Amino acid sequence: MSVFITREMLRQAANESRTGHTIGIFERLIRSAERAWKRRETAKELHALTDWELRDIGIHRADIPRVVRQSDERAQDARPAASRATAGTPAQGNRVTA
């Protein structure tokens, strides 16, 4: 498996850092690459379906890019707001001591 860092991934990582996330740039790049991989896999699976199968689930072949994009956006919106705001940072007061 090869991973390509695209302008979209870099832009997304930069936007996350501007919104107050304190996770490292490499973690953001990895997360962005993982999301891009999932989008490609979803598109590949949908393209593998026949036209009849696509119609059966209510989409046309030309709709695949939009469906994949909306699916990715819904997945991002499904994360609880608290975890989006504090992703990668330990919760204060919840530290575990050995």
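Computed from a predicted model, the values in this text were never measured in an experiment.
Chaining together hydrophobic side chains whose heavy atoms lie under 4.5 Å apart places V68 alongside L46, L49, L54, I57, I59, I64, V67.
Under the salt bridge (charged side-chain N to carboxylate O under 4.0 Å, His left out) criterion, K44 pairs with E41, sequence neighbours left out. Taking E45 as the reference, nothing meets the side chain to side chain donor-acceptor pair (under 3.5 Å) condition, with sequence neighbours excluded.
Listed by first and then second residue, the salt bridge (Lys or Arg N to Asp or Glu O under 4.0 Å) pairs that reach into residues 54-67 are D51-R61, D63-R66, sequence neighbours excluded.
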Item to check | side chain to side chain contact (heavy atoms under 4.5 Å, CB included) between K38 and D72, worked out | outcome: CA-CA 8 Å; K38 286 179 182 178; D72 183 51; over 6 Å; no
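The NE2 atom of H47 sits 11.0 Å away from the OG1 atom of T42 when rounded to the nearest 0.5 Å.
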